[in-house]
Each structure stands twice: as structure tokens, then as C-alpha cells.
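Below is one structure; the comments refer to it alone.
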2 protein chains.
Amino acid sequence: MKSEQSPDLMTIREMCDAYDVTPRTLRFYEAKELLFPQRMGTKRLFTRRDRARLKLILRGKRFGFSLEDIRQTLDLYDRDGSDTAQRQRACELAYERLAVMEAQRAELDVAIAELKAELAHAKDKGLVPSHAA
Amino acid sequence: MKSEQSPDLMTIREMCDAYDVTPRTLRFYEAKELLFPQRMGTKRLFTRRDRARLKLILRGKRFGFSLEDIRQTLDLYDRDGSDTAQRQRACELAYERLAVMEAQRAELDVAIAELKAELAHAKDKGLVPSHAA
DNA sequence: AGAGTGATTGACGTTAACGTCAGCGTAACG
DNA sequence: CGTTACGCTGACGTTAACGTCAATCACTCT
């Protein structure tokens with residue numbers, strides 16, 4: 001009984017242009033059950049939900065999570081799927097991910113500080129040009 | 001019995017125990033020129049410098065950098081190697097890495113906030129057990 | 001109807017980062 | 001002095017995350 005139908009459907013090409021990924025990547029994510037595009041005949045049509053998931057996937061990747069890690073927590077963000085078992089499991093996993101991410105944040109601060117210090121040291125020796133790119 | 005000759009030199013097994021990696025990993029890193037252990041006959045002996053580098057390697061990996069990315073910036077941390085060309089290149093790369101890491105931290109903050117919000121939402125629906133880390 | 005253009009489905013190739021296994025060397029223990 | 005235990009060197013296997021290519025459809029334009 002899902003009546004929540006989003007009118008904004010995007011083709012695979014529109015998705016690729018919008019999110020800078022290849023068709024292969026989107027099909028791969030579908031095969032791995034991270035995305036669930038509708039079909040118009042044989043062609044894929046990506047929904048608003050697919051786009052939300054894709055953003056989370058790409059973000060997760062940037063943080064170094066595997067696609068499988070990501071897949072297991074994506075359900076948490078599904079506002080509609082009221083299936084308790086799936087979502088509750090996703091919640092537990094999300095707590096672990098959260099801890100990992102906060103630890104990562106802390107370590108990142110340290111690493112940034114150290115890197116800055118090292119660059120400052122190098123600068124003292126006059127080894128660094130005056131630009132930062 | 002174990003001979004602890006110098007505190008500056010560690011065997012491969014001591015390294016594995018200390019940093020929770022396998023011998024294969026350390027040999028692999030050497031092959032990829034990220035580590036440069038000395039040799040006692042045929043056996044590897046890892047120096048203080050190797051350990052410093054290994055820590056940076058493992059940290060870099062946690063942030064999602066590739067070994068090649070890491071290798072190119074490791075020279076920056078070598079206090080002794082006063083070779084200007086190598087170090088200056090490392091500095092430039094380090095500036096880019098720094099930008100990436102700061103962007104990553106910013107995005108991480110957003111992601112953490114969103115995840116917390118989503119977990120709070122789930123909690124409202126009573127889907128979450130009463131523990132939190 | 002024929003020619004393009006673009007999407008789809010296998011199927012195989014590729015890269016990074018190791019794992020695993022075989023075969024050999026050697027240093028120490030009993 | 002034999003044998004266990006660990007280390008070394010290839011060499012091949014593995015997994016994740018796609019890339020690439022060929023053959024097949026589907027739709028559009030002329």
C-alpha cells in the first residue's frame with residue numbers, strides 16, 4: 001500500500017551527470033541492492049529515494065566505509081519502511097558507525113594538527129613556496 | 001630466549017604484535033617502498049623510523065587514503081632527509097592532503113549530526129534499545 | 001525502412017591490498 | 001645432531017569496486 005510516489009524520476013544519464021558517476025556504477029549499486037530504480041519497460045528510472053541513498057553511499061565511501069557497510073545502514077534513512085526488524089538492526093549498526101565516525105573525527109583533528117605542525121617546520125626551513133593549493 | 005638487542009630495532013614479529021598487522025603486510029609495505037627495514041643477514045629489522053612511518057600509514061588508511069597517496073607524503077615527516085626536492089614535493093602534496101582532510105572533517109561533522117538526528121527520530125518511534133555509546 | 005543514438009545484459013578484465021601456500025634457509029633447543 | 005620454529009622468497013589466489021567490450025534492444029529521425 002505505498003501511495004508515496006515521487007513524480008521526479010531521473011534517467012541513468014541524468015543521474016550520472018548529476019552525481020558524477022558512470023552508468024556501470026549505478027547498475028553495480030543496483031545489483032548490490034543499494035539502489036532500487038523503477039523500470040519503464042527495460043530502462044531504469046531513479047527515484048528521489050534512490051538519489052538520497054546515492055548521496056549517502058558516496059559520502060560513506062569518502063569516509064572509507066565499504067559498500068556492504070553502507071548498505072546495512074542505509075535502511076535507517078528510509079522514512080517509510082516501518083519494518084521494525086530491519087530498521088532496528090540498522091539502528092544498532094548505526095550506533096557503531098557513529099562511534100567509528102566520532103573516533104575518526106578525533107583522530108582527524110590530531111592528524112590535521114600534526115600535519116600543520118610539520119608544514120610549519122618545513123616552512124621554517126624555507127622549503128615551502130608561498131602558495132597553498 | 002628472546003634477544004632484545006636494541007630498543008631501536010624490532011623484529012617482524014615484534015612489529016606485528018605491536019601494530020596488529022601481519023608479516024605479509026610489512027613485507028608488502030617494504031616492497032611498495034613505504035618501509036625500509038635493515039637486514040641482519042636475511043632477517044628484517046625495523047627501525048624507529050619504520051615505526052613512525054607505519055603509524056602514519058595505518059592512520060592514513062583509516063582516512064581512506066591509498067598506499068600510493070600515503071607513500072608520496074611520508075617523506076614530509078622524515079626529519080633527517082634534508083633533500084630539498086623530495087621534501088618540497090611532499091610539502092605541496094601535503095597541502096592538498098590537508099585540504100582534503102579538512103573538507104573531510106567538515107563533511108564528517110555534517111554526517112555525524114545527520115546520523116544523530118536520524119537515530120533520535122528512530123528513538124521517538126521507540127525502535128531503539130536503551131543503550132548508547 | 002534504414003541509420004543513429006542510447007540503454008541493457010552478460011561476461012571478462014583490472015587494480016589495490018593483501019592472504020595463502022610451497023619450498024628453502026637457519027638458528028636454537030633438547 | 002635432528003627437529004621444531006620462525007623467517008625469507010616467489011608465486012598464485014582473493015575480494016571489492018568497478019572498467020570495458022560485445023551483442024542486443026528500443027526509440028527517434030529522416
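Below, chains carry the letters A, B, ... as their sequence lines are ordered, and counting in each starts from 1.
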Output the rounded distance in Å from [atom1] ([X]) to [atom2] ([N]).
X	N	atom1	atom2	answer
B:E68	C:dA17	CD	P	9 Å
B:K61	C:dC18	NZ	C1'	8 Å
B:E14	D:dG7	CD	C1'	13 Å
B:M40	D:dC8	CE	P	10 Å
B:F46	D:dC8	CZ	C1'	12 Å
A:Y19	D:dC18	OH	C1'	20 Å
A:R71	D:dA17	CZ	P	12 Å

Just jot down the salt bridge (charged side-chain N to carboxylate O under 4.0 Å, His left out) partners of [X], sequence neighbours excluded, or say none.
X	answer
A:E33	none
B:R62	A:E107
A:K61	none

Looking at [X], does any N or O in its side chain come under 4.0 Å of the phosphate oxygens OP1/OP2 on [N]?
X	N	value
B:K43	D:dA5	no
A:R39	D:dA26	no
B:K32	C:dC18	no
B:R13	D:dC6	no

Excluding sequence neighbours, so at least two apart, what forms side-chain contact (heavy atoms from CB on, under 4.5 Å) with B:K55?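 Residues passing side-chain contact (heavy atoms from CB on, under 4.5 Å) with B:K55: B:Y19.
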If the condition is side-chain contact (heavy atoms from CB on, under 4.5 Å), which residues does A:Q72 pass it with, not counting sequence neighbours?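 Scan of A:Q72 (side-chain contact (heavy atoms from CB on, under 4.5 Å), adjacent residues dropped) gives A:E68, A:L93, A:R97.
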Just to be sure I understand the geometry, which residues of residues 22-31 of chain A put a non-hydrogen atom under 4.0 Å away from DNA chain D?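 Residues of residues 22-31 of chain A that come under 4.0 Å of DNA chain D are, in numerical order, A:T22, A:R24, A:T25, A:F28, A:Y29.
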Which nucleotide in D:dT9, C:dC18, C:dT9 has an atom nearest any side-chain atom of A:R44: C:dT9
Where is the tightest heavy-atom contact between A:L76 and A:A94, given as atom of each residue plus distance?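 Between these two residues, the closest heavy atoms are CD2-CB, 3.5 Å.
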